[in-house]
Every structure is written in structure tokens, then in C-alpha cells.
A.B. asks: 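Starting off with a structure, shown below.
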Amino acid sequence: MALQRPKGTQDLLPSQTAKWQYMEEMMRKVCREYGYEEIRTPIFEATELFQRGVGETTDIVNKEMYTFLDKGERSITLRPEGTASVCRAYVENKLYSGPQPVKLYYIGPMFRYERPQTGRYRQFHQFGVEVLGSEKPVVDAETISLVWDLYQRLGLKNLEVHINSVGCPSCRADHRQKLQEFLAPRREELCRDCQERFERNPLRILDCKNSKCQELTQGAPTTADTLCEDCQGHFNALQELLLAAGVVFRVNPRLVRGLDYYRKTAFEVMVEEIGAQSAICGGGRYDGLTEEIGGPPTPGIGFAMGMERVLAAIEVQKAMPDQVERPFVMVAALGKEAEGKGFALLQALRHAGIPAGMDLLGRGLKAQLKNADRQEAKLALLIGEEELQRDSFILRDLSLGEQQEFPWQDALALISQRYREEHGA
RNA sequence: GUGGAUGUGGCGAAGUGGUUAACGCACCGGAUUGUGGCUCCGGCACUCGUGGGUUCAAGUCCCAUCAUCCACCCCA
């Protein structure tokens, strides 16, 4: 094999893109209903944006970025996520000077340099939403509800929505200290990764998958135990709103997300059945992020959804409606003159909104019919020497195997009528 | 970065050291010179990811290398 696609990338062929379009249309539709507008930011940004926005301690920045120098010696990075770019665009385009909050969504490719496996790619796609300019819990509730509604519309089942509050910088410092005090006596027993996390980011120990670590953190102070009044009130209000909206969720005090910018609300949606990478959506509040990248202090909340994983869930749950677009009629013409006449009719059919096709390889009648059959066309319209002379055509019903000859002038009307009958219009 | 599995025609897949590399699907042609789907007949791999080694003999054993897949870490 001469050349193949780079590791961790994929070619989405027509049988797949139809499904992607279905999913994307649903996302856009729900966003429209919720009053979110699309934003498109560059696929690459200054490396510094992600270093500051995503955080120096994160795996994304430490080992997963596609970074290179351009010809002007600038350090460029293929975006590993969307939030930092959206905040940058909000600041750079002074969206804070317009009506608040600003409700945005994006759909597009993201890049992370990792070993690929099921549900994980180096180039993958995210649908995400960001709301900038409101710190009220009702915004948190709105974004989570949007996710919930979207999944309902896509027909997904067996979802688990986990929510938590990771607190603000002040209560987080408090929590961090209490957690360290709790774990200190048995620090040596933690897994190697968690020994390092102990100093750098002890919260992460709470969601370590290592069974020993999970055992050691039994009874450890959770974020819920140490939230300040403001954060606790926010979290309570969010839960009430979600209950009112009918969103089924679970409070998971161990949910700690990997990105540095989260404050207060953090949430995640999981589906088993799609392999080890079961998180199909993750998000949270990031009230300090805009300031971090040089903008005015602006509260924000958002989520990102892995589209490959959502699609995988739709497929394993068999929730994908049939996306195949079949031609209703295939025009089978024999000879040059018939081809011209047939082609004119073909175009008239298409202009009338009827999916129609014609042989493009100059094949014989037999091959043309075979092709029509393979395309699963309902009808075949035959026109050859004899029909040309009689100014007629043969209309063959491919499923019944019956055919009849009609005057040429009736072709468009006849087929249009058949089409309407078939489609109940 | 770590661990495991796999690599035979377009696809799926036999083959476990010994002549011409099963079979199924798909594809192409014919039976039916203007009629598809069903059936029947025929065709379709100088070669087994790549490179090296062992052997009288290698798709089959060994080494290396590349690729893919799965899992860990982490994340969408």
C-alpha cells in the first residue's frame, strides 16, 4: 500500500457522512430552539492560548498537543478543545460589549496526539456550547438540559448524567488541604500517579480508577463537604432547576474534571456499550478563564461532546434512522438520440424534486437495469429505438416486474403522480 | 509513554514445514444479440504487510521492522 492516512485519523465515506449529517442537523436544530448561535474559530491557535487557557498541569497541554513552528517561527497548536478559542474570540471581538449572556455553539475537528483506540482519535470532532456573561445557576441548568434534550431527540438510552461542584478557588483550597490531611497518613499506599497528584492536584485522586486508591479515599472529604456558602447555594439551585426540567441526573462527589479551568459546576454524561471511552459529553463552569487569557472577568459555562462517541452510541443502540437516499426512477436510454431525450426528462424530474438517475457509463440495457436494481430504484424508464419511433416510453416497476408503455408527453406527469402516491403527499 | 492481539485476492476466511494457496461474498462474462432481482456455467492471488535468517523445502519456524486493532494513562 502506497500511502495511507495518518495514524488516528479517519476517512468518513458516504455511508458514514449521511449519519454525521443527521447528527449534526439535530445538534443545530436543538441549538436554534435554545437560542444558541454558531461560532467558527480557527483550527489552529497560538500555543500560548492553550497553555494558559487549558492549564499547564493538564495532560492535554503536557503531552497531547500537536504543536509546531510556522515559517514565522511562531509556535502554533492545532486546537485540542474548543473553549479556549471561543473565550479568546469573545474577548478579541469584544462580544462583552453586546447583550449578555452570549450563547454560542461550535461543531468541528479537534486534535490530540494520543495512541488511538476505540472512541479515541487524533483528529476527532466535537460539538460544544459556551455561554459567557452569566454566573447564574439557571445557565448551568440550561446547558445541561440542552445536552439532555439533544440525547433524547437522538433516541439515546441508558445515559448517566453525573454532576458535581468542584467549588471556587477559595473553597477548593480548603478542600485540597482537608483532603491532603486525610490522605497523608497512608500516602505511601497510593498508586504512583496519585503520589504525584498528592502535591500537584490532590482532587484528581478522588476519581482515580485504581481500586486501591478508591479504597483509600473512602470517607475522604468530598467537595460537597467543603463548599462555601456561595458555591453550595449555586449547586443546590442547579439541582432544583434540573429536577424541575425533568433531567435525570446523579450527584457524583468524585467527579473531578481534568481541565484546570473548572469552577463550581462540573458534569459528565456516560454511556456504557461503546467501549472503554464511555464519556460522551463533559463540561462545567469556568468563571476565571476569560480573565486568564487577558480579557475582562467574565463568568462562563459550557460543554463539549465527542461526536464519534455519540455516533457510536446511536449505532450500538440502533437509534439511527435509515439514511439511504434512493433514486425513485432510473432512466435507461439506448442510443444517442434516446439519451438526449432521456437526459432532458431526467433534469425535469430532478427539478420537480424527484430523485432520479441515469446510466453514466454508456452501458447496455441489461447492465442499466441491473444498476437500477442495485440502486434500489422504484421505477425504470426505458427508451430505445422502438419507443423513439412511437414517441413513447416504457415504465417498469422494478419491485413488481411489471411494465407498460405510455405516450412520451405523459412522462413527467405520470412519474410525478407515482412519486406523490409513494410518499403519501 | 506502557501492555496485549493481529497482518493471506476488493471484503470475510481456511491453511499449524513438503507438489498447481481451500471456500464464501463482491466483481466481470455467458446461458437471455432490448429487460434487473432468482438459478446455472465460467473467470478472478507468479503469491501470503515489509526486510532478513533457519531449512533440501517457509504462508507456515526465528529475528527485525512497519501498519492496524484493543487495553492502560488520560480524555470527547
Side-chain angles (χ1 to χ4, degrees), chain A residues 1-10 54 57-65 79-83 106-128 147 191-194 196-197 201 204 207-210 213 255-259 267-271 274-284 302-313 330 332-335 338 359 363-388 393-403 405:
Chain A
M1 191 173 293
L3 238 34
Q4 50 186 330
R5 60 182 198 278
K7 187 190 283 287
T9 63
Q10 35 179 357
V54 180
T57 68
T58 61
D59 281 2
I60 290 180
V61 170
N62 281 316
K63 52 184 202 191
E64 295 172 3
M65 293 208 298
R79 63 181 190 190
E81 58 105 55
T83 305
Y106 57 83
I107 290 181
M110 305 292 165
F111 305 83
R112 293 185 198 172
Y113 192 91
E114 297 183 272
R115 287 275 286 267
Q117 70 184 73
T118 308
R120 171 182 292 154
Y121 304 88
R122 288 186 172 182
Q123 177 178 336
F124 61 105
H125 298 79
Q126 287 187 332
F127 158 65
V147 173
C191 72
R192 189 185 298 170
D193 289 335
C194 284
E196 284 177 33
R197 289 174 180 141
N201 194 354
R204 297 297 308 284
D207 69 352
C208 180
K209 275 111 194 157
N210 184 298
C213 295
L255 174 61
V256 179
R257 313 218 63 255
L259 280 54
F267 67 98
E268 216 166 78
V269 183
M270 339 245 254
V271 222
I274 59 168
Q277 310 306 319
S278 60
I280 56 173
C281 179
F303 64 76
M305 194 178 284
M307 297 174 73
E308 283 80 1
R309 294 181 188 179
V310 171
L311 196 59
M330 286 296 286
L334 293 170
D359 173 59
R363 287 180 284 206
L365 180 62
K366 182 176 177 160
Q368 292 196 46
L369 280 167
K370 188 170 182 172
N371 181 242
D373 185 61
R374 204 161 16 188
Q375 306 263 334
E376 295 183 70
K378 178 74 183 160
L379 303 172
L381 187 149
L382 279 54
I383 169 170
E385 281 302 314
E386 295 171 28
E387 291 74 25
L388 223 44
F393 68 95
I394 290 172
L395 192 61
R396 182 175 179 83
D397 186 309
L398 290 168
S399 50
L400 300 176
E402 292 168 359
Q403 64 184 39
E405 191 166 354

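Everything numeric in this text was worked out from a predicted model, so none of it was measured. Heavy-atom basis, side chains included; hydrogens, waters and symmetry copies ignored. Just so we're on the same page: letters track the sequence lines, and every chain starts at 1.
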A.B. asks: Any chance the side chains of A:Gln123 and A:Gln10 put a donor and an acceptor closer than 3.5 Å?
C.D. replies: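 There is no such pair between these side chains.
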A.B. asks: Sticking with atom P, work out how far B:G12 lies from B:A26, rounded to a whole angstrom.
C.D. replies: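 Looking at atom P only, B:G12 and B:A26 are 15 Å apart.
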A.B. asks: Any donor-acceptor pair, under 3.5 Å, between the side chain of A:Gln375 and the base of B:G36, if you only look at N and O atoms?
C.D. replies: no
A.B. asks: Please find the pair of heavy atoms, one from A:Met65 and one from A:Tyr113, that lie closest to each other, and give the distance.
C.D. replies: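 Heavy-atom minimum between the residues: O-CB, 4.4 Å.
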A.B. asks: Please report the closest heavy-atom contact between A:Ala372 and A:Leu398, naming both atoms and the distance.
C.D. replies: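 Answer, listing the atom of A:Ala372 first, then A:Leu398: CB-CD1, 3.9 Å.
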A.B. asks: With heavy atoms under 4.0 Å as the rule, sort A:Leu365 into base, sugar-phosphate or nothing.
C.D. replies: base
A.B. asks: Using only heavy-atom distances, decide whether a donor-acceptor pair under 3.5 angstrom links the side-chain of A:Gln403 to the base of B:U35.
C.D. replies: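 Indeed, a donor on one side and an acceptor on the other fall under 3.5 Å apart.
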A.B. asks: For nucleotides B:U68 and B:U54, find the distance between their P atoms and express it as a whole number of Å.
C.D. replies: 31 Å
A.B. asks: Just the rounded figure in Å: distance from P of B:A71 to CD1 of A:Ile274.
C.D. replies: 11 Å
A.B. asks: Between atom OG of A:Ser278 and atom CZ of A:Arg309, what is the distance when rounded to the nearest 0.5 Å?
C.D. replies: 8.0 Å
A.B. asks: Taking the same atom, C1', in B:G15 and in B:U47, what whole-Å distance lies between them?
C.D. replies: 14 Å
A.B. asks: Taking atom C1' of B:G34 as reference, at what distance in whole Å does atom CZ of A:Arg396 sit?
C.D. replies: 11 Å
A.B. asks: When you check the phosphate oxygens OP1 and OP2 of B:U68, does a side-chain N or O of A:Lys7 lie under 4.0 Å from one of them?
C.D. replies: yes
A.B. asks: Check whether any side-chain nitrogen or oxygen of A:Thr118 sits under 4.0 Å from OP1 or OP2 of B:A71, and answer yes or no.
C.D. replies: yes
A.B. asks: On a heavy-atom basis, which atom in A:Ala279 and which in A:Glu268 lie closest, and how many Å separate them?
C.D. replies: CB-CG, 4.4 Å
A.B. asks: Would you measure the distance from the C1' atom in B:G49 across to the matching atom in B:G59 and give it in whole Å?
C.D. replies: 12 Å
A.B. asks: Test for a donor-acceptor pair under 3.5 Å between the base of B:A71 and the side chain of A:Gln277, counting only N and O atoms.
C.D. replies: no
A.B. asks: Within the structure shown, what part of the strands sits under 4.0 Å from A:Gly384 by heavy-atom distance: base, sugar-phosphate, or nothing?
C.D. replies: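 Counting heavy atoms under 4.0 Å across all strands, the contact made by A:Gly384 includes a base.
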A.B. asks: Which atoms of nucleotides 6-10 of chain B (N or O only) lie under 3.5 Å from a protein N or O atom, and what are those distances?
C.D. replies:
none

A.B. asks: Any base atoms under 4.0 Å from A:Gly364, or only sugar-phosphate, or nothing? Heavy atoms, all strands.
C.D. replies: nothing
A.B. asks: Which residues pass the side chain to side chain donor-acceptor pair (under 3.5 Å) test with A:Arg122, sequence neighbours left out?
C.D. replies: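 Side chain to side chain donor-acceptor pair (under 3.5 Å) list for A:Arg122, sorted by chain: empty.
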A.B. asks: Heavy-atom nearest nucleotide on RNA chain B for A:Asp373 versus A:Arg115: which residue maps closer to 5'?
C.D. replies: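 Mapping each residue to its closest nucleotide by heavy atoms, the 5'-most match is A:Arg115.
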A.B. asks: Going from CG on A:Leu365 to CG on A:Asp359, what distance comes out if it is rounded to the nearest 0.5 angstrom?
C.D. replies: 10.0 Å
A.B. asks: Taking atom C1' in both B:A14 and B:G7, compute the distance separating them and give it to the nearest angstrom.
C.D. replies: 16 Å
A.B. asks: Can you identify which nucleotide, out of B:C69, B:U35, B:A76, has its nearest atom closest to the A:Arg5 side chain?
C.D. replies: B:C69
A.B. asks: Quantified in whole Å, what is the C1' atom distance between nucleotide B:C46 and nucleotide B:G34?
C.D. replies: 42 Å
A.B. asks: For A:Ile60, answer base if it contacts any base atom (sugar-phosphate contacts may also be present), sugar-phosphate if it contacts only those atoms, and nothing otherwise; contact means non-hydrogen atoms under 4.0 Å.
C.D. replies: nothing
A.B. asks: What N/O pairs connect the protein and nucleotides 27-29 of chain B at under 3.5 Å? Give each pair on its own line.
C.D. replies:
{"residue": "B:C27", "atom": "OP1", "partner": "A:Arg374", "partner atom": "NH1", "Å": "2.4"}

A.B. asks: Take the protein atom CD of A:Gln4 and the nucleotide atom P of B:U50, then report the distance between them rounded to whole Å.
C.D. replies: 13 Å
A.B. asks: Counting any heavy atom closer than 4.0 Å, what does A:Glu114 reach on the DNA or RNA strands: base, sugar-phosphate only, or nothing?
C.D. replies: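 Contact class for A:Glu114: base.
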A.B. asks: Report the residues that fulfil side chain to side chain donor-acceptor pair (under 3.5 Å) with A:Ser399, sequence neighbours left out, ordered by chain and then residue number.
C.D. replies: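 Side chain to side chain donor-acceptor pair (under 3.5 Å) check on A:Ser399 returns A:Lys378, A:Asp397.
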A.B. asks: Base, sugar-phosphate, or nothing: which does A:Gly128 touch, judged by heavy atoms less than 4.0 Å apart?
C.D. replies: nothing
A.B. asks: According to the Watson-Crick and G-U wobble definition with distances under 3.5 Å, which dot-bracket string, read 5' to 3', encodes RNA chain B, using [ ] for crossing pairs and | for pairs with another strand?
C.D. replies: ((((((((.[[[..)..(....]]].(((((.......))))).....[[[[[..)....]]]]])))))))....
A.B. asks: Please work out if A:Gln123 contacts a base, only the sugar-phosphate, or nothing of the nucleic acid, heavy-atom cut-off 4.0 Å.
C.D. replies: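 No contact.
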A.B. asks: Does a nitrogen or oxygen in the side chain of A:Gln117 sit under 4.0 Å from OP1 or OP2 of B:A71?
C.D. replies: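 Yes, within the criterion.
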A.B. asks: Applying side chain to side chain donor-acceptor pair (under 3.5 Å), can you list everything that pairs with A:Glu386, at least two apart in sequence or on another chain?
C.D. replies: none
A.B. asks: P atom, B:U20 versus B:G29: distance in rounded Å?
C.D. replies: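 Comparing P positions in B:U20 and B:G29 gives a spacing of 32 Å.
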A.B. asks: With rounding to the closest Å, how many angstrom separate the C1' atoms on B:C44 and B:G4?
C.D. replies: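 The answer is 37 Å between these two C1' atoms.
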A.B. asks: Using a cut-off of 4.0 Å on non-hydrogen atoms, how would the nucleic acid contact of A:Glu385 be classed: base, sugar-phosphate, or nothing?
C.D. replies: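 Touches a base.
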A.B. asks: Using the closest heavy atom to pick a nucleotide of RNA chain B for each, name whichever of A:Gly401 or A:Ala304 lands nearer the 5' end.
C.D. replies: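 On the 5' side of the pair lies A:Gly401.
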A.B. asks: Does A:Arg309 get its side chain close enough to the base of B:C75, under 3.5 Å, for a donor-acceptor pair?
C.D. replies: yes
A.B. asks: Base, sugar-phosphate, or nothing for A:Ala279, non-hydrogen atoms under 4.0 angstrom?
C.D. replies: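 Sugar-phosphate contact only.
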A.B. asks: Counting any heavy atom closer than 4.0 Å, what does A:Glu308 reach on the DNA or RNA strands: base, sugar-phosphate only, or nothing?
C.D. replies: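 Result for A:Glu308 = nothing.
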